[in-house]
Colleague: 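Submitted below is the structure of interest, expressed as structure tokens.
Just so it is clear, the structure is predicted and the values come from calculations on it, not from any experiment.
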Amino acid sequence: MAPAQAFGIWYGKIRREWKTAFFTCFVLGLLIHMPVLLSDIPNHDGLDSMYFDQNMITSGRWFLSVACGFSSYFTLPWLIGILGLGFLSCGAAAVCEILEVRKTWAVMLVGGLLASFPALASTFAYVYTLDGYMLALLLAVLSVLFTKKSRWGFVPGAFCLAFSMGTYQGYLSFAMILSVYAVWMLLAEEGRTPGERLRGAMRYLIMGALGAGLYFGILQVLLRIQGKELDHYQGIDGLGGGGLLSGGLLSGIGGMYRDFFAFSLKGNVLFTNVFSLAACCVLAALAGLCAFFAIGKRKCWKNPPLFAIMGLMLVLLPGITNVILLISPEVNYHLLMRYQWVLYAVGAVALISRAGKSAWVEWLGLAAAGVLIFCYSVADNIAYSNLQKRYEKTYAYCVRLLDRIEQTEGYYPGIPIAMIGVVSQEQFPLTDITGAVTSNMIGMNGDSLLYTGKNYQLFIRHYLGATLNILPAEVMADIYESEAYMAMDSFPGPNSVRVVDGVMYIKTENIQR
């Protein structure tokens, strides 16, 4: 059989809705995120990752190095972005299959929501690791799909979940929410016996337990082989239960729910203007209406235990969304870790397409989700615009600073340099006008890429072609409190760069006593 015939047969076996979901997500992803795909716009972490082997086993990500290895370990935004969108688009098709979304308009909306949600834009700000993260997302979705489709599917599902967590743990909640949706669909399905429903629901629990156990077991083996320990960063060392026990179970659960509602209502992400707010409200109202009629049609209340279980799962859903806070209550919850919130809009679209029996309900759902996708796309590009401006401002600032350094008496290449790295807001007031949209989009808000002396060193090295010998933070700690340093002006003041005892002091911000 010729390759053309083989590919034709293979392509013909792919379901129409899978193709629609894939191409909608991929094309919209290209259109929305093109500014960052065609540019070399780093954020502060990206400065240290121009070449990075992604060996982050101390953060529990033992598979990340492999997942990011397909695109090499260089920061190549176009290649990494294409691979990442490919993985995401496959995930969009899998989500449609899990939720049994069949109508073309709904399939396209699912792909559009996944491609436009601002948490994805925040992930694109860390483009050097995007392909690995999107592969982790795809594996998380596949873990649920395998479990749903086969009696023994929880076995490959567990492997997928383990490797997803081994790449990035943040998508555990994504798999858990999809599992809840799948169990709801199973419980509401007519013609099922209580035993069949129980066995079907247990498969997802078994998959999750096996997957988490396999992830943790592989992690411990690899840590021993490499002679390393889990890092304290983001409370990852609490994976063994330390974070949960130290913070207290009730306190951890309360924090999960408080954060869920605080972010949902005031996080400045789900809705940033009146249009997105109205779209969210319409989607929520339509989904609630469709759920009400679906419950009425199936007479779920006539089976009180079943009805109670479905209600309990609804109550647990906010906690499942924030399960990471149960492990590490003190985690700095970045927006890129909140991608699972998009599943609420996706779930609403799926419910409307399946349970909506009126054309006007479907039209309203289509309009609301379409408005939401457009608003999210606008927010993403506002963030990318500010990211570009941050780079330009940082470039201009570093050109001026490097010129001053090289013109200072006593300078020579390789001279030790003592600096903190914060840009003075007195000398350089904030000029970012996107805060109303980007305030919670970490990596893309603010004015500058510079927060530490190492940021200066890397930016000047990669973008200005000069090498600075910045002293480590522990050495700088004593200099920072010295009288000579405190007496200096902040840059670009006339006394902001000087040589003291063979060390060049650079003061970029004032110390207030």
Side-chain angles (χ1 to χ4, degrees), residues 14-15 18 21-22 25 54 56-57 59-70 83-101 110-111 114 120 123 129-183 185-186 199-222 239 320-321 323-324 327 336-337 339-340 342-343 346-347:
I14 301 175
R15 300 183 65 150
W18 298 354
F22 180 92
C25 185
Q54 301 291 348
M56 297 188 66
I57 189 172
S59 294
R61 304 171 197 171
W62 44 260
F63 194 64
L64 182 61
S65 183
V66 177
C68 291
F70 300 111
L83 286 173
L85 287 176
F87 294 141
L88 175 64
S89 301
C90 290
V95 168
C96 288
E97 184 63 20
I98 292 170
L99 301 182
E100 299 177 14
V101 181
V110 170
L114 289 172
L120 180 62
T123 309
T129 194
L130 174 84
D131 52 345
Y133 281 19
M134 291 299 99
L135 179 58
L137 179 69
L138 173 59
L139 290 171
V141 176
L142 289 178
S143 71
V144 182
L145 181 62
F146 286 140
T147 305
K148 177 184 175 74
K149 289 297 182 180
S150 171
R151 179 181 178 183
W152 295 96
F154 62 84
V155 176
F159 276 92
C160 286
L161 183 63
F163 279 83
S164 173
M165 294 178 65
T167 306
Y168 186 56
Q169 304 93 329
Y171 299 124
L172 172 62
S173 292
F174 204 94
M176 294 178 72
I177 294 174
L178 283 177
S179 296
V180 169
Y181 286 172
V183 172
M185 294 169 66
L186 175 67
R199 287 191 295 271
M202 286 301 297
R203 289 206 304 266
Y204 295 94
L205 289 176
I206 295 172
M207 180 272 289
L210 286 178
L214 182 61
Y215 159 74
F216 191 73
I218 294 175
L219 174 62
Q220 294 304 312
V221 170
L222 293 178
L239 278 175
I320 291 172
T321 307
V323 69
I324 191 172
I327 300 172
L336 57 86
M337 302 163 69
Y339 192 45
Q340 61 270 25
V342 73
L343 289 177
V346 167

Colleague: Are any side-chain N or O atoms of Y181 and backbone N or O atoms of L343, one a donor and one an acceptor, separated by less than 3.5 Å?
Modeller: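 Pair found, side chain donor or acceptor close to backbone of L343.
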Colleague: Would you give the length of the straight line joining atom CG of L83 to atom CE of M134, rounded to the nearest 0.5 angstrom?
Modeller: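 Rounded to the nearest 0.5 Å, the CG-CE separation comes out at 12.0 Å.
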Colleague: Enter the distance from C90:SG to W18:CH2 here, rounded to the nearest 0.5 Å.
Modeller: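 Separation between the atoms: 11.0 Å.
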Colleague: Apply the side chain to side chain contact (heavy atoms under 4.5 Å, CB included) test between Q340 and each candidate in L178, V323, I177; give the one that qualifies.
Modeller: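 With Q340 as partner, L178, V323, I177 yield a single side chain to side chain contact (heavy atoms under 4.5 Å, CB included), made by I177.
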Colleague: Nearest heavy-atom pair of L130 and G84: which atoms, and what distance?
Modeller: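 Looking at all heavy atoms of both residues, the shortest contact is CD2-CA, 4.3 Å.
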Colleague: Quick check for you: to the nearest 0.5 Å, what is the distance between R61 atom CZ and Q54 atom CD?
Modeller: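 Here the interatomic distance stands at 9.0 Å.
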Colleague: May I ask you to test the F216-M165 pair for a side-chain heavy-atom distance under 4.5 Å?
Modeller: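 Sidechains of M165 and F216: no contact.
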Colleague: Ignoring hydrogens, what is the shortest heavy-atom contact between G132 and T167? Give both atom names and the distance.
Modeller: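 Taking G132 first and T167 second, the nearest heavy atoms are O-CG2, 3.1 Å.
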Colleague: Are any side-chain N or O atoms of S173 and backbone N or O atoms of I320, one a donor and one an acceptor, separated by less than 3.5 Å?
Modeller: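 Flag set: sc S173 to bb I320 pair under 3.5 Å.
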Colleague: Does R203 use its side chain to pair, donor to acceptor, with the backbone of F154 at less than 3.5 Å?
Modeller: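 Such a contact is absent between R203 side chain and F154 backbone.
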Colleague: Taking all atoms of both residues into account, what is the closest heavy-atom pair of L88 and L114, and its distance?
Modeller: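 It is CD2-O, 3.8 Å.
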Colleague: Got a donor-acceptor contact below 3.5 angstrom from the W62 side chain to the Q220 backbone?
Modeller: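 Checking the backbone N and O of Q220 against the side chain of W62, no donor-acceptor pair under 3.5 Å is found.
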Colleague: How many angstroms lie between CD1 in I57 and CG in L64, if you round to the nearest 0.5 Å?
Modeller: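 Here the interatomic distance stands at 11.5 Å.
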